[in-house]
Amino acid sequence: MSNLPRHVAIIMDGNGRWAQQRGKARVRGHERGAEVIRDILTFAAHHDEIEYMTLYAFSTENWKRPKAEVDFLMRLLSRYLKKELHVYLENDVSFNAIGDLSRFSPSVQALIHDTERQTAHCKGLKHYFALNYGAQDEIIRALNSLRENQTDITKDSLSAALDAPEAVDLMIRTGGDHRLSNFLLWQAAYAELFFTRTLWPDFTAHELQSIINQFKSVERRFGGL
Ligand code: FPP
């Protein structure tokens with residue numbers, strides 16, 4: 001059984017607290033958080049064992065935040081996609097959005113699809129960015145698409161119909177909480193879960209490597225002996 005961190009998924013939590021601890025507006029934490037994404041993706045792109053990295057950027061529940069914060073996150077997303085395109089291209093990373101994109105404005109949707117198209121040829125790391133994502137919503141959309149196509153529902157057919165079909169090996173949550181918050185519930189069936197108190201804006205490639213080292217020392221039995 002594989003103890004390789006082929007698919008690493010991260011719940012990036014703690015941006016607001018990071019900013020508040022510094023007497024800054026919460027959105028400054030999101031801004032810093034976006035910069036950390038670049039470091040972590042670049043690290044993953046050069047890590048021989050990581051093939052997929054999924055980051056939880058915006059959940060189906062995040063629309064409930066104050067409008068000013070949601071608006072800021074939308075502007076930050078647009079800025080991020082424009083500014084970081086070269087990082088994807090230089091590191092051979094493909095950008096793949098997962099989630100229900102229909103709720104985003106047409107201009108944000110166009111930018112997301114444009115980034116996907118421009119990085120589609122990149123064959124190094126496959127990066128999934130979860131946007132208006134919820135695992136329950138993903139599973140329901142997958143089931144409906146199988147029903148529409150009159151496909152038998154099996155473990156394999158359902159997996160293949162998900163936005164991100166690959167099983168997660170290592171799931172990390174920053175920010176100190178011990179919850180999965182509706183992230184990759186199907187794919188994480190046998191994932192090792194790691195929770196760190198580090199707030200996302202303080203998370204580093206060094207800490208990720210240390211978590212990977214711990215992950216590799218765990219014996220994964222997948223229900224066997
Ligand atoms: C959680 O922090 C973080 C998010 C809402 C999503 C992650 C967003 C980023 C890393 C910024 C980059 C995002 C885009 C869209 C480019 P929180 O606000 O819940 O922190 P708290 O728990 O301390 O309040």
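Whatever order the structure lists them in is the order used to number ligands and atoms, beginning at 1.
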For ligand 1, which atoms, with element, lie under 4.0 Å from some heavy atom of [X]?
| X | answer |
| --- | --- |
| Arg26 | 17 (P), 18 (O), 24 (O) |
| Trp200 | 10 (C) |
| His30 | 5 (C), 11 (C), 18 (O) |
| Arg17 | 21 (P), 22 (O), 23 (O) |

If you measure from atom 17 (P) of ligand 1 to every heavy atom of Asp13, Ile10, Leu199, which option wins on shortest distance?
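Looking at heavy atoms only, the winner is Asp13.
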Counting heavy atoms only, which of Asn15, Leu77, Val36 comes nearest to atom 10 (C) of ligand 1?
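Nearest heavy atom to atom 10 (C) of ligand 1 lies in Asn15.
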Would you find a donor on one side and an acceptor on the other, under 3.5 Å apart, between the side chain of Asn132 and the backbone of Leu101?
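A pair under 3.5 Å: no.
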Has Asp177 got a side-chain atom pairing as donor or acceptor with Gly175's backbone, closer than 3.5 angstrom?
no
For the side-chain hydrogen bond (donor to acceptor under 3.5 Å, both in side chains) test, which of His86, His46, His127 pairs with Asn91?
His46
Would you indicate whether the side-chain heavy atoms of Asp163 and Arg141 approach each other to under 4.5 Å?
yes
Do ligand 1 and Asn62 have nitrogen or oxygen atoms that lie under 3.5 Å from each other?
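Asn62 vs ligand 1: no N/O contact under 3.5 Å.
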Below the 3.5 angstrom mark, is there an N/O of Gly16, backbone or side chain, next to an N/O of ligand 1?
yes
Heavy-atom count check: over 12 atoms from other residues, nucleotides or ligands less than 6.0 Å from His121 NE2?
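Result for NE2/His121: enclosed.
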I'd like to know whether the aromatic ring centres of Phe129 and Tyr80 sit less than 6.0 Å apart in this structure.
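Ring-ring flag for Phe129/Tyr80: true, centres closer than 6.0 Å.
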Considering only heavy atoms, does Arg79 approach ligand 1 within less than 4.0 Å through its side chain, its backbone, both, or neither?
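Neither; no heavy atom under 4.0 Å.
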